[in-house]
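Heads up, the thing below is written out as structure tokens.
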Amino acid sequence: MVGLQSKGLLQVGARLVELAFAGMQDGQIVVRIGQVWEILGERGEYLLCDIGLVQLHPIDAQGEPQLEIVGRAFQLGLDRGHGFLAVPGEPLALGLIQRHSHSLRQSAEKHRDGEEKRAVHHGGKPVSRRIRATLAAGACRYTGPHSKVGHKAPFSAVLSLLFRVRITRRLCLSDMSLRIYNSLARAVQPFAPIDPGHVRMYVCGITVYDLCHMGHLRMNMAFDVIYRWLRAAGFEVNYTRNITDIDDKIIKRAVERGITIRQLTDEMSAAMHADFAAVGLLKPTHEPRATDYVPQMLDIIGKLEAKGLAYRASSGDVNYAVRRFPGYGKLSGKSLDDLRAGERVAVDDGKLDPLDFVLWKSSKTEEPAEAKWPSPWGEGRPGWHIECSAMSCALLGESFDIHGGGADLQFPHHENEIAQSEGAGFGFARYWLHNGFLNVDGEKMSKSLGNFFTIRDVLQKFDGETLRFFMLRTHYRRPFNFSDAHLEDARTALTRLYTALDAVAPAEVMLDWSQPQAAAFKAAMDEDFGTPGALAVLFDLANEVNRDRSPDKAGLLKVLAGVLGLLQQEPRAYLQAGSGLDAAAIEAQIAARAAAKAAKDFAGADRIRAELLAQGIVLKDSAAGTTWTKA
């Protein structure tokens, strides 16, 4: 293998080989060029993410050196395209650039003194002039393919490597620009996935014993937007959201209704899917059911017991010994003593500490047979917390990028997941994302307060897109205040956007993130998924559409809104939906009004307009004729 040392000298035997990414042909490996901080400047370490896989093409030693970067600017392409595909056993020639007159460091210092203060921008992030000058190295003499993989090159001062390359997959611009709030670090951090270009995200799903409520929608809407933006930014996303289908409440509800647990959970899962579809939530990549992963849960429990982190209680349960895990409390930011002081659960006779939690619950005689599984500790069923550790590990690996859920899950559920998974030896999640609480008219939603609403309750009064738009107006981490008045305001605002698209037919446009409005939208979303700022861009665009009557701007409005799952209906259909009146009858009234105006019966025409308005129908006159919308 061949690489570059930090001082620009050719390095032999560098460990620069890793397995191919999924989707490549069998037998291929990826050779990467590492340690080129001197070439790329101070930002070099940050820019060297393994995203731009490129394929090496032969370079004619008699010809001029060229870079062939497909689809992106020259500078960005070389910054990111720092590897090539190779087949084991076939050494490849490397074209090298050598500058005899002065060293790389001298060249870099020359540009640092003056020009580095200015910057060019790619994907919303600055690229230093120093980097730009170094990459513009075409004037250097091409020395030809004198070095082969596994052989020492005869050059002592190498300025750069020059390949003729073609990008083999889409560059992911958000590798350099996306910042997210990590609950574990309590700070907004640059996002860099473990496998560049690929994101593995796990979100705690629903316990399916009843219809989903607005709190469930709040959480799932937040991660639907995160999922959408990660994909729009170019990432390949494995989004796993589980279904908890075994639980005390599920068992109790199934017994009360006289049906099996599976019948209940299938029914409630189908209802959940229908409700989520009504508000435009995308399906996750994987949606595992907890009961399908009991063997994996038993395996983790066995590992914890072997390490002394799990013990069998006198009750027959297997518990996790919280105080034996040194990192407990790092997500919630509280000490064990603080957590114990706030613990309201009575000490179980079999627990060593009130904070200890159940990994495996011993079965009870009265429980149905389908709620029992065999285990080394006797018949029983898994505890709630162990489910997510097992499913995330099975589907995303022992280490993955994002773990998400509601703020109410941060403690104890997510804290316990960390203890289980890291205690078993897994790396687990690197970024923890939590959405804010949902309140109803300023108070916490609660059945006891009479302010509890299912998604279906709300959809009886408001359409799914209005509900979606309403939720996106609040940043996912902020407390969300639900009320009918706020929903009415959201419906009015969404109508404004659809009205702009109704007046000017959108052109088919390609999304260009360098376009000013698109760049502003991207900047908002790249700052911890800032949907309020992104929506503000949509309203600015709608104002421009209304003023300029530009089909291209209308097209951009529709495309950007589509990233958030908005404005994809036919505008007139949305504006007329839910009127409760027969469309043909409304058109007949419009025709009667036109006839009255033609006969100069203006009082009659005004009466028809007023009658329709009283029924929630607004008429709009234009040169093209009269149209109507729902008020």
Side-chain angles (χ1 to χ4, degrees), residues 71-73 76 120-127 170-181 188 190-191 199 221-235 237 279-282 433 435 465-466 468-478 490 493-501 504 506-569 571 574:
R72 296 305 307 167
L76 183 61
V120 292
H121 288 260
H122 290 284
K125 285 290 181 181
V127 179
R170 181 170 50 175
L171 291 172
C172 188
L173 300 181
S174 280
D175 278 6
M176 292 173 55
S177 55
L178 177 60
R179 287 161 33 94
I180 64 178
Y181 184 87
V188 176
F191 176 66
V199 176
M221 182 68 74
F223 289 96
D224 178 76
V225 169
I226 290 169
Y227 179 39
R228 287 173 180 269
W229 181 244
L230 290 171
R231 298 204 313 177
F235 290 106
V237 186
V279 291
L281 298 190
L282 298 177
L433 277 63
N435 63 275
E465 188 169 359
T466 293
R468 179 181 189 86
F469 175 81
F470 169 49
M471 289 196 146
L472 299 187
R473 296 176 84 177
T474 300
H475 189 271
Y476 81 95
R477 283 197 293 114
R478 293 182 60 82
L494 183 59
T495 297
R496 284 175 51 203
L497 296 178
Y498 266 116
T499 299
L501 295 181
V504 180
E508 293 289 334
V509 299
M510 294 293 292
L511 189 52
D512 177 7
W513 292 116
S514 67
Q515 194 275 346
Q517 289 96 338
F521 183 98
K522 182 179 185 300
M525 292 300 294
D526 274 347
E527 190 62 22
D528 198 28
F529 312 102
T531 54
L535 291 178
V537 173
L538 300 186
F539 281 99
D540 288 343
L541 262 175
N543 290 337
E544 293 189 29
V545 170
N546 291 333
R547 182 177 63 250
D548 302 341
R549 321 299 288 181
S550 166
D552 285 341
K553 289 182 179 178
L556 181 59
L557 170 61
K558 182 175 181 179
V559 169
L560 287 177
V563 173
L564 299 178
L566 299 170
L567 301 187
Q568 300 308 292
Q569 298 184 54
Y574 175 83

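For the pair Val504/Lys553, no side-chain contact is recorded, criterion being any heavy-atom separation below 4.5 Å from C-beta on. In this structure, Pro532 and Arg478 have side chains that are not in contact, with every pair of non-hydrogen atoms separated by 4.5 Å or more. Between Phe470 and Leu494 there is no side-chain heavy-atom pair separated by less than 4.5 Å. Looking only at side-chain heavy atoms (C-beta outward), Tyr476 and Thr531 stay at 4.5 Å or farther from each other. Within the 4.5 Å cutoff, the side chain of Leu472 has heavy atoms near those of the Leu566 side chain. With a 4.5 Å cut-off on side-chain heavy atoms, Leu178 and Leu230 count as touching.
Gln517 places no side-chain N or O within donor-acceptor distance of the main-chain N or O of Val537, the cut-off being under 3.5 Å. Looking at Glu527, its side chain never comes within 3.5 Å of a backbone N or O of Gly530 through a donor-acceptor pair. Between the side chain of Arg477 and the backbone N or O of Leu433, no donor-acceptor pair lies under 3.5 Å.
Rounding to the nearest 0.5 Å places CG of Leu560 at 6.5 Å from CG of Leu538. The CG atom of Leu541 sits 11.0 Å away from atom CG of Asn546, with the distance rounded to the nearest 0.5 Å. Rounding to the nearest 0.5 Å places NZ of Lys558 at 7.0 Å from CD of Glu508. The CE atom of Met221 sits 11.5 Å away from atom CG of Asn435, with the distance rounded to the nearest 0.5 Å. One distance of note links CG of Asp548 with CG of Asn543; it measures 10.5 Å at 0.5 Å rounding. Here the CG-CE distance, from Asp224 to Met471, works out to 11.5 Å after rounding to the nearest 0.5 Å.
Aromatic pair Tyr498/Phe469: ring centres not closer than 6.0 Å.
Nearest heavy atom pair, residue Asp528 against residue Ile180, reads OD1-CA, 3.5 Å. The heavy-atom pair separating Leu556 from Val509 by the smallest distance is N-CG2, 3.6 Å. The two residues Ala534 and Met525 make their nearest non-hydrogen contact at CB-SD, 3.8 Å. Of all non-hydrogen atoms in Leu564 and Val225, the two that sit nearest each other are CD2-CG1, 4.3 Å. Counting all heavy atoms, side chain and backbone alike, Gly280 lies closest to Arg468 at O-NH1, 3.3 Å. Of all the heavy atoms in Ala542 and Leu497, the pair that sits closest is CB-CD2, 3.7 Å.
Aromatic ring pairs are classed by plane angle as parallel below 30°, tilted from 30° to 60° and perpendicular above 60°; the pair Trp229 and Trp513 is perpendicular.
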Val199 and Phe191: CA distance, side-chain angles, deciding distance, side chain to side chain contact (heavy atoms under 4.5 Å, CB included) verdict: CA-CA 10 Å; Val199 176; Phe191 176 66; 3.7 Å; yes

